Amino acid sequence: MAVQVMARRSILAGTGGYLPARVLTNQELAASLDTSDAWIRERTGICQRHIAAPHETAAFMGTAAARQALAAAGAEPAEVEAIIVATSTPDQAFPSTALRIQAALDLPGGFGFDLSAACSGFVYALSVGDSLIRAGQAKGVLVIGTEVYSRILDWSDRGTCVLFGDGAGAVFLRAGAEGTDRGILSTHLHGQGSLGDILYVNGAVGRPDLPGTLVMQGREVFRHAVNRLAESVDEALAANFLTREDVDWLVPHQANLRIIDAMGRKLGLAPERVVVTVDRHANTSAASVPLALAEAVGDGRIGQGDLVLMEALGGGLTWGSALVRM
Ligand code: COA
């Protein structure tokens with residue numbers, strides 16, 4: 001007799017987001033940089049971005065987003081058994097941003113760690129959180145993406161500084177009842193270290209001579225993004241025996257509207273089924289997917305039972321997808 005072991009699914013029980021109050025428009029940037037609102041809008045779809053004040057660190061913003069996600073899930077503090085924070089801009093080398101957030105939320109226990117996968121960080125973290133739940137190691141996992149890229153940008157480089165913004169997004173994953181068809185259906189992760197030098201930070205903690213700013217070969221990244229993300233979409237659908245028609249929502253990484261539109265077209269999705277925040281948030285790296293998800297869940301666009309495809313690509317190169325039945 002065949003014995004079927006049903007792995008527990010991870011339900012996205014609550015979402016949350018946080019954006020700094022300070023908004024920096026393209027016009028403001030153009031006042032001190034050789035750029036224009038028209039160039040930035042045409043090439044990227046970005047109109048503005050949020051910029052963190054000194055007190056708005058990765059941990060501060062991640063805490064606010066996590067608090068919202070826990071409230072939306074109706075989760076008790078003791079339910080949080082693990083915290084995974086995707087960030088490339090932690091407050092400190094250690095303690096981890098995750099444990100700073102654990103303390104700020106006054107959580108009674110659990111464990112936590114930071115994960116570095118640049119703009120794919122949230123998809124990576126979601127995958128790890130899902131694995132913890134499937135393996136029975138945790139029943140409740142906070143997954144957070146939080147970034148202050150404004151602090152690692154070369155503000156004199158018009159090719160990069162216009163593209164990014166600050167913010168945080170979070171989800172609370174809860175182990176679902178056995179047999180439920182809701183939850184994370186699959187995640188697929190990829191990395192290609194040989195392409196590390198097309199998008200990187202040229203410094204590190206412990207290198208006072210090189211505090212580090214972001215360096216990018218924009219065209220190369222663009223080319224890889226379109227190709228790798230298209231493959232990711234096919235991979236996620238094939239693994240679940242689903243077709244493009246089954247997808248209700250695309251929640252893509254928010255780097256460039258042209259890349260987002262290309263993915264929407266590939267899926268044959270009507271534009272209103274693609275969640276877009278890049279116009280207002282710019283690229284918030286690991287925070288972009290959970291911020292977009294929180295916005296579309298919060299305003300009622302994405303509802304229970306909807307099939308949501310998330311995808312992202314970032315420095316590393318890293319890329320991947322998550323397919324979720326809400
Ligand atoms: N304002 C005005 N002109 C700018 C500019 C700006 N902010 N940034 C670059 N330019 C200029 C360049 O200097 C170049 O001028 P030149 O032709 O005189 O040399 C010209 O615009 C074209 O530059 P290029 O880099 O080839 O433009 P592009 O069409 O590739 O657009 C990006 C640039 C960055 C918008 C685009 O490559 C992109 O979005 N790449 C992907 C970035 C990304 O997604 N990164 C994050 C991944 S997680």
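All values derive from a computational prediction rather than experimental measurement. Each ligand, and each atom within it, is numbered from 1 in the order the structure gives. Count residues from 1 along the sequence.
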If the threshold is 4.0 Å, N to carboxylate O, is there a salt bridge linking K139 and E79?
no

How far does CD1 of I51 sit from CG of L19, to the nearest 0.5 angstrom?
11.0 Å

Look up atom 8 (N) of ligand 1 and tell me if a protein heavy atom lies less than 4.0 Å from it?
yes

Report the residue from D248, V247, L250 that forms a side chain to side chain contact (heavy atoms under 4.5 Å, CB included) with R273.
D248

C119: numbered ligand 1 atoms lying under 4.0 Å from its heavy atoms
48 (S)

Could you find the nearest protein heavy atom to atom 35 (C) of ligand 1 and give me its residue, atom name and distance?
T44 CG2, 3.7 Å

Return the residue, atom name and 0.1 Å-rounded distance of the protein heavy atom closest to atom 34 (C) of ligand 1.
L163 CD1, 3.9 Å

Does any N or O of ligand 1 fall below 3.5 Å from an N or O anywhere on G218, backbone included?
yes

Using a distance-only test with no angle check, is there a side-chain donor-acceptor pair under 3.5 angstrom linking T25 and Q48?
no

I'd like to check whether N256 has a polar contact with ligand 1, where a contact means an N/O of the residue lying under 3.5 Å from an N/O of the ligand.
yes

Is there a salt bridge (charged side-chain N to carboxylate O under 4.0 Å, His left out) between D234 and K266 once you walk through the steps?
CA-CA 9 Å; D234 290 339; K266 177 168 173 58; 3.2 Å; yes

Atoms of ligand 1, numbered as shown, that sit under 4.0 Å from any heavy atom of V221:
43 (C), 45 (N), 47 (C)

When you compare ligand 1 with R158, is there at least one nitrogen or oxygen pair between them that comes in under 3.5 angstrom?
yes

Can you find a protein heavy atom under 4.0 Å from atom 16 (P) of ligand 1?
no

Sub-3.5 Å N/O-N/O distance, R219 and ligand 1:
yes

If you have a sec, work out which protein heavy atom is nearest atom 10 (N) of ligand 1 and how many Å separate them, to one decimal?
W39 CZ2, 3.4 Å

I need the L291 CG to S285 OG distance, nearest 0.5 Å.
11.5 Å

D279, N26, V278, V23 screened by side chain to side chain contact (heavy atoms under 4.5 Å, CB included) with R49, the one that passes:
N26

What residue pairs, at least two apart or across chains, pass ring pair (Phe, Tyr, Trp, His ring centres under 6.0 Å) with a residue in residues 284-321?
H190-W319

side-chain contact (heavy atoms from CB on, under 4.5 Å) against S288, all qualifying residues, sequence neighbours excluded
H253, Q254, T284

Can you report which non-hydrogen protein atom sits closest to atom 22 (C) of ligand 1, along with the distance?
R43 NH1, 3.8 Å

For atom 46 (C) of ligand 1, what's the nearest protein heavy-atom neighbour? Residue, atom name and distance, please.
N283 ND2, 3.6 Å

Please indicate, with yes or no, if any protein heavy atom is found under 4.0 Å from atom 27 (O) of ligand 1?
yes

With rounding to the nearest 0.5 angstrom, report the CZ to CD distance, R325 to Q304.
11.0 Å

Shortest heavy-atom approach to atom 44 (O) of ligand 1 - which of A312, S288, A255
A255

Could you state the interatomic distance from CZ (R100) to CZ (F94), rounded to the nearest 0.5 Å?
10.0 Å

Does ligand 1 come near enough to T35 that some N or O of the ligand is less than 3.5 Å from an N or O of the residue?
yes

What distance separates I260 CD1 from T277 OG1, expressed to the nearest 0.5 Å?
7.0 Å

Can you name the atoms of ligand 1, numbered from 1 with element, that are less than 4.0 Å from a heavy atom of V162?
7 (N)

Return the residue, atom name and 0.1 Å-rounded distance of the protein heavy atom closest to atom 45 (N) of ligand 1.
M216 SD, 3.2 Å

Point-to-point distance, once rounded to the nearest 0.5 Å, from CD1 of I84 to CD1 of I144
9.5 Å

Show the atoms of ligand 1 that are less than 4.0 angstrom away from any heavy atom in L313.
48 (S)

Can you tell me if G159 contacts ligand 1 (heavy atom of the residue under 4.0 Å from the ligand)?
yes

Going by a strict under-4.0 Å cutoff (protein heavy atoms only), does atom 20 (C) of ligand 1 have a neighbour on the protein?
no

